[in-house]
Amino acid sequence: MLRIHDTILVLIKELAPIAEAIGRHDADLARQLRRAMSSVPLNVSEGAAQRGARRNSHYSIALGSAREALSALRTAAAWGYVPEPSADIIDRFDKVTATLYVIAQR
């Protein structure tokens, strides 16, 4: 398993109460954030068990889902549902997306 998997799970724990707050204003956006964020560790786990193009495909999907989740979070902030994401959350997203970008290109 990739070490980034644990970072992703920490990020999910941090986002859980934020997704709950978003859901009080926009249930669809909260569901999309949860689905996208859940997709990240699941595809990382699947990719770790694959080789070649299948592995890269799972990591690319995880990367796209992480980017989608961050976009959903920023969209919720733009609507005024929640504050802008903290620097720690942005840093964690940056770490996750940078790592997934690198390994998806191998």
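The analysis underlying the following values was restricted to heavy atoms, covering all of them including side chains, and did not include hydrogens, waters or symmetry mates. Quick caveat, the model's predicted, so the values are computed rather than measured.
Proximity of R55 to R106: side-chain heavy atoms (C-beta onward) are separated by under 4.5 Å at one or more points. The closest side-chain heavy-atom distance from L63 to N43 is not below 4.5 Å. Between L100 and V44, the closest side-chain pair of non-hydrogen atoms falls below 4.5 Å.
Tracing side-chain contacts under 4.5 Å through hydrophobic residues (I, L, V, M, F, W, Y), one reaches I4 starting from L70; they form part of the same cluster.
Between the side chain of S39 and the main chain of R35, no donor-acceptor pair closer than 3.5 Å is present. A donor-acceptor contact shorter than 3.5 Å is absent between the side chain of S57 and the backbone of A53.
Note that CD1 of I103 and NE2 of H58 are 12.0 Å apart. Values are rounded to the nearest 0.5 Å. Summarising the geometry, atom CZ belonging to R92 is positioned 13.5 Å from atom OG1 belonging to T97; distances are rounded to the nearest 0.5 Å. Interatomic distance, I89 CD1 to D94 CG, rounded to the nearest 0.5 Å: 12.0 Å. Atom CG of D88 sits about 7.0 Å away from atom CD of E14, to the nearest 0.5 Å. Here the CZ-CD1 distance, from R34 to I18, works out to 11.5 Å after rounding to the nearest 0.5 Å. Rounding to the nearest 0.5 Å gives a distance of 8.0 Å between CZ of R67 and OH of Y101.
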